[in-house]
Amino acid sequence: MERFGCNRYYIMPLYLRGLLAGVACNVKDEIFIRASIEHRVSGVPLFARAAGSRSFFSLVTVGAGVVLPNDTLVFWAMVTIVCSFFMQLRLLSAAYVGSIVIFTVSFFAQTEWAQPFFARFFPHVVETSVTALALLMGLLLFIETWLIYREGAELSAPRLVTSKRGLMIGEQVVQRLWIIPLMIPVLGNDVQSFATWWPIISGGDAYSFVLVPFLLGFSQRVQTGMPVHLTKWTARRIGWLASVVSLLAIGSYWLKPLAIVSAVVAIVWREWIALSAKLYEQKFPPYFTKRTNGLVILGVLPDTPAHKMALSVGEVIVKVNGTPVATEDEFYAALQQNRAFCKLEVLNESGEVRFAQTALFEGEHHELGLLFVRDEG
């Protein structure tokens with residue numbers, strides 16, 4: 001139990017380090033500095049909210065009897081941190097992390113040259129049930145599906161890129177990181193199996209419980225429309241993947257190789273989903289680009305007049321104070337016509353017209369807090 005306590009202590013620092021590494025992705029390739037800073041700061045509370053509102057998923061792991069050695073949980077944490085160093089939050093998906101852990105337990109840790117390393121640092125990894133790992137991966141994929149569908153597009157940052165035709169266009173970069181606490185039964189001698197029907201998937205008969213914070217990440221770039229459409233499209237396909245992985249995991253209870261199959265399916269299918277999203281985007285023209293009949297909003301800064309007018313990313317401003325606008329210079333020239341008041345005619349994504357207006361204070365007519373596609377980035 002002394003060793004168990006030591007490893008349990010290191011799980012949290014490892015995940016905190018992984019969290020910091022994942023957040024470091026947010027400062028890469030920033031074009032609109034102020035917008036990026038505001039988006040990142042406003043996103044920080046979501047980590048705490050995620051950590052405090054997902055604990056009911058632990059009922060599934062405990063009820064399913066997913067029991068793992070403590071060494072395996074620590075190794076899962078280390079794999080998570082390594083994946084976070086690639087600065088792509090989508091690599092923190094359970095499809096990648098879980099598959100790597102399953103491959104390691106099934107093959108890598110069994111090799112002759114790797115055995116001394118695992119015997120010294122992770123001696124109980126070889127006792128891991130691959131069925132339990134596959135079930136855990138399936139559960140985390142279901143959680144990932146739910147989070148991406150509900151919250152995937154809540155935060156996005158604007159960015160300027162050059163299209164294949166050499167034109168400057170805008171895109172929305174979605175980067176999300178969630179902390180999911182799960183209560184995992186761990187091999188130990190604190191808790192005895194409390195019911196004969198409890199489907200414990202392990203070789204032991206006594207257990208302890210550890211609250212483990214799992215990291216799930218998601219990232220996506222959207223150029224052809226609002227991020228919510230593509231994130232929901234992606235979430236539905238991850239849900240199909242979660243269903244297949246879970247069925248294979250259940251089947252591996254009787255046929256162990258199916259757990260290995262679930263790992264192969266998870267990592268290949270998740271890569272196919274990422275590739276399909278890119279191909280899906282290529283079918284449609286860019287949405288955030290310069291137009292002849294208005295200015296499409298690429299970003300809205302918090303706590304600005306634009307934010308107070310409830311202007312949204314993707315809406316198109318066609319008139320300012322009754323004057324048609326098609327360029328950023330025309331936009332601010334029209335604002336100068338009335339330094340104390342601003343009235344905008346706006347088209348939403350469906351093409352419906354609405355009006356937004358607000359009083360302007362000294363200096364606010366110079367910048368409403370809107371970001372548009374420019375000729376230079």
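Since the structure is predicted, the reported quantities are computational estimates derived from the model, not experimental observations. All residue numbers in this chain count up from 1 along the given sequence.
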Intermediate values then yes/no, side chain to side chain contact (heavy atoms under 4.5 Å, CB included), I81 and L215: CA-CA 9 Å; I81 292 173; L215 292 185; over 6 Å; no

Evaluation steps, side chain to side chain contact (heavy atoms under 4.5 Å, CB included), between V318 and L344: CA-CA 8 Å; V318 293; L344 306 179; over 6 Å; no

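Applying the side-chain contact (heavy atoms from CB on, under 4.5 Å) test to V268 and every residue at least two apart in sequence or in another chain returns V264. Listed by chain and number, the residues in a salt bridge (Lys or Arg N to Asp or Glu O under 4.0 Å) with E281 amount to none (sequence neighbours excluded). For the side-chain contact (heavy atoms from CB on, under 4.5 Å) test, residues two or more places apart in sequence or in another chain that qualify with P227 are A153, S156, Q172, V174, V222. For E271, the salt bridge (Lys or Arg N to Asp or Glu O under 4.0 Å) partners two or more places apart in sequence, or in a different chain, are R90.
I148 is listed as a side-chain neighbour of F218, based on a closest heavy-atom distance under 4.5 Å. Side-chain contact between L136 and W76 is present, with heavy atoms from C-beta onward closer than 4.5 Å. Proximity of L140 to L182: side-chain heavy atoms (C-beta onward) are separated by under 4.5 Å at one or more points. Proximity of F122 to M78: side-chain heavy atoms (C-beta onward) are separated by under 4.5 Å at one or more points. At least one side-chain heavy atom of V313 sits under 4.5 Å from a side-chain heavy atom of M226.
Aromatic ring centroids of F372 and F331 lie under 6.0 Å apart.
Here salt bridge (Lys or Arg N to Asp or Glu O under 4.0 Å) pairs that include residues 230-239, with residues two or more places apart or in two chains, number zero.
Side chain to side chain, W178 and E151 meet the donor-acceptor criterion of an N or O pair below 3.5 Å. When only modelled atom types and interatomic distance are considered, T234 and Q220 share a side-chain donor-acceptor pair under 3.5 Å.
Remark: the backbone N or O of P286 is not paired with any side-chain donor or acceptor of T289 at under 3.5 angstrom. Looking at Y96, its side chain never comes within 3.5 Å of a backbone N or O of C83 through a donor-acceptor pair.
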Would you be so kind as to tabulate the donor-acceptor pairs closer than 3.5 Å made by side chains of residues 241-252, with sequence neighbours excluded?
| from | atom 1 | to | atom 2 | distance (Å) |
| --- | --- | --- | --- | --- |
| S243 | OG | G239 | O | 3.1 |
| S246 | OG | A242 | O | 2.8 |
| S252 | OG | T131 | OG1 | 3.1 |
| S252 | OG | A249 | O | 2.5 |

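A salt bridge links R270 to E144: at least one charged side-chain nitrogen sits closer than 4.0 Å to a carboxylate oxygen. Here E315 pairs with R354 in a salt bridge; the nearest charged N to carboxylate O distance falls below 4.0 Å.
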